[in-house]
Amino acid sequence: MMNDTNAISNKNTVPDIKQKSKILCVDDSESIRFLIETILDEYFTVEFEFNPVNALMKIDESYDCILLDLMMPLLSGIEILKEIRKNPKLSSLPVIVLTAKNCNEKEIADLFAIGANDYVTKPFLSAELIARVKHQIKLKSTTEELIKTNDILYKAVKKEELLNEKIIEKTIQLKRSNKRIVTLNKRLRYLATHDKLTKFYNRRAFYIFLENDIKRLKRINTKLSLLMIDIDYFKNINDTYGHLTGDMVLRSLSDIIRSTLREIDIAGRYGGEEFLILLPDSDAKGAKIAAEKLRKQVEKSVIDPDNLKIKLTISIGIAEFIANEDLDSLIARVDKALYVAKNSGRNVTVVAE
């Protein structure tokens, strides 16, 4: 397996596009808003509006992309899209439609005819959503650069900028104050979804991703597998070297796990020395290969806090999602597989029955 996505989940680098891209998500589903915020927050400035009427009043040229749910009370996504396209100032504003419905070719064609730039079917893959948003923002940027080459329009814009200069100067101080508030709020959102020690998703956030993927594979013909990982004899490390060293071992193991993940895989800390890895589009056979690769990588690594040169092994339980299974059942089966692994000599991988 390759590097983590965890474009979402496990990378600390943030693309430059974040500094210039603001997104408005219009969706009345709290869980969908949570998913989108968690997925996109590290890449873009994301705002949310659950009320479609308020959203329509809010949308202006300051946004770089709109994520628009089709099915909402008061106003449908199609009605909002039509109103957006009536405004010539928003002609280059990309709108990505979010739909839980499997649209046929005619319905898709109608969406594009109304003015949609793209559509994503819920539930969605994190990497897919990020790629589609980036693509639309890049197209918008290119379009705006082409417009700027028109000399007459450019002079008109400059004139408008001069007229607004005094207003801009008066708002600079307020923006500087708001910037720190925004930064603190983002930090709070990160802390609410991530484990402080390992930087992986916490259990609550991980379960939301897992539930989303279970819904997705129930809609399409694909696979999903789950790994549960436990550090062998971790208590001995804490008892022998102390809990600070134990924390350094957990961080080092997290780095090893992160280095083996694909971009679509998601890692979470289940609790203590246990981790969960979500492997979308993977059956038990593929998950077994991935788990063995990770197990062998850990086995040959030397963790060296304070020159202690600690050797680790891990035990791994594997469970492939079974049709019509719920989240609790999947967790119970992978936990049982891990229990068998730990009672089979440890440093092994076991696939759940």
Side-chain angles (χ1 to χ4, degrees), residues 7-8 11 13-30 32-69 72 75 77 80-81 83-98 115-120 124 126-148 157 160-161 164 167-190 192-193:
I8 34 185
K11 293 295 184 185
T13 58
V14 178
D16 292 338
I17 197 170
K18 178 178 181 182
Q19 304 301 323
K20 58 182 179 181
S21 301
K22 186 169 74 167
I23 297 169
L24 176 65
C25 173
V26 187
D27 198 304
D28 62 334
S29 168
E30 183 178 358
I32 292 298
R33 293 198 304 271
F34 175 85
L35 278 171
I36 290 174
E37 180 179 36
T38 306
I39 292 168
L40 298 183
D41 187 58
E42 292 186 6
Y43 295 84
F44 313 100
T45 299
V46 187
E47 296 180 9
F48 294 88
E49 185 56 66
F50 68 90
N51 186 315
V53 176
N54 292 343
L56 191 55
M57 298 173 62
K58 187 176 184 179
I59 295 172
D60 59 23
E61 304 98 296
S62 68
Y63 294 99
D64 295 288
C65 187
I66 306 296
L67 300 179
L68 181 61
D69 185 27
M72 293 182 291
L75 280 177
I80 294 176
L81 180 57
E83 289 299 317
I84 291 174
R85 293 310 178 216
K86 288 179 182 178
N87 188 344
K89 293 181 180 180
L90 304 178
S91 60
S92 64
L93 177 63
V95 178
I96 300 176
V97 171
L98 305 175
N117 298 86
D118 203 350
Y119 78 101
V120 176
F124 40 78
S126 305
E128 176 190 14
L129 181 62
I130 292 170
R132 289 180 183 272
V133 172
K134 282 184 177 180
H135 177 66
Q136 291 301 328
I137 290 176
K138 184 176 181 181
L139 288 178
K140 176 178 181 290
S141 176
T142 301
T143 301
E144 291 173 345
E145 287 299 319
L146 290 173
I147 291 174
K148 287 182 181 179
V157 171
E160 188 70 19
E161 288 176 350
N164 290 322
I167 298 174
I168 293 173
E169 288 176 355
K170 291 180 180 180
T171 60
I172 286 176
Q173 185 174 2
L174 179 60
K175 287 183 177 180
R176 286 173 178 169
S177 298
N178 288 339
K179 184 177 180 180
R180 176 164 176 78
I181 295 173
V182 170
T183 300
L184 290 173
N185 284 336
K186 287 184 176 180
R187 178 61 179 166
L188 288 174
R189 287 195 295 270
Y190 179 88
T193 57

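Treat the numbers as computed from the prediction; the structure is a model and nothing was measured.
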Check: Lys89 and Asp60 side chains under 4.5 Å, non-hydrogen atoms: no
Separation of Leu81 CG from Glu83 CD (nearest 0.5 Å): 10.0 Å
Any donor-acceptor N/O pair, Thr143 side chain to Leu139 backbone, under 3.5 Å: yes
Where Ile66 and Tyr63 come nearest, the two heavy atoms and their spacing: CD1-CB, 4.0 Å
From OG (Ser126) to CG (Leu35), nearest 0.5 Å: 7.5 Å
Close side-chain approach of Lys140 and Asn117, heavy atoms under 4.5 Å: no
Other residues, nucleotides, ligands: >12 heavy atoms within 6.0 Å of Phe34 CZ: yes
Side chain proximity check, Glu30 to Phe50, heavy atoms < 4.5 angstrom: no
Test log, rule side-chain contact (heavy atoms from CB on, under 4.5 Å), inputs Leu67 and Val120: CA-CA 9 Å; Leu67 300 179; Val120 176; over 6 Å; no
Min side-chain heavy-atom separation Glu47-Ile23 under 4.5 Å: no
Residue that, paired with Leu98, satisfies side chain to side chain contact (heavy atoms under 4.5 Å, CB included) out of Val26, Ile36, Leu68: Ile36
Straight-line distance of Asp69 CG to Ile96 CD1, nearest 0.5 Å: 13.5 Å
Validation row: His135, Lys138 side chains within 4.5 angstrom (heavy atoms): no
Over all atoms of both residues, closest heavy-atom pair of Arg85 and Ser91: NH1-O, 4.0 Å
Shortest non-hydrogen separation from Pro52 to Met72 and the atoms involved: CB-CE, 3.9 Å
Closest non-hydrogen atom pair, Val97 against Ala116: CG2-CB, 3.8 Å
Beyond-backbone contact of Leu24 with Ile59, side-chain heavy atoms, under 4.5 angstrom: yes
Flag side-chain contact, heavy atom, 4.5 Å: Pro94 against Asp118: no
Residue Phe48 excluded, over 12 heavy atoms near CZ under 6.0 Å: yes
Residue pair Ile137 / Ser21: nearest heavy atoms and the distance that separates them: CG2-OG, 3.4 Å
Heavy-atom pair of closest approach, residues Phe124 and Leu129: CE1-CD2, 3.7 Å
Presence of salt bridge, Arg33 and Glu37, under 4.0 angstrom: no
Thr45 OG1 to Leu40 CG distance, which is reported to the nearest 0.5 Å: 11.0 Å
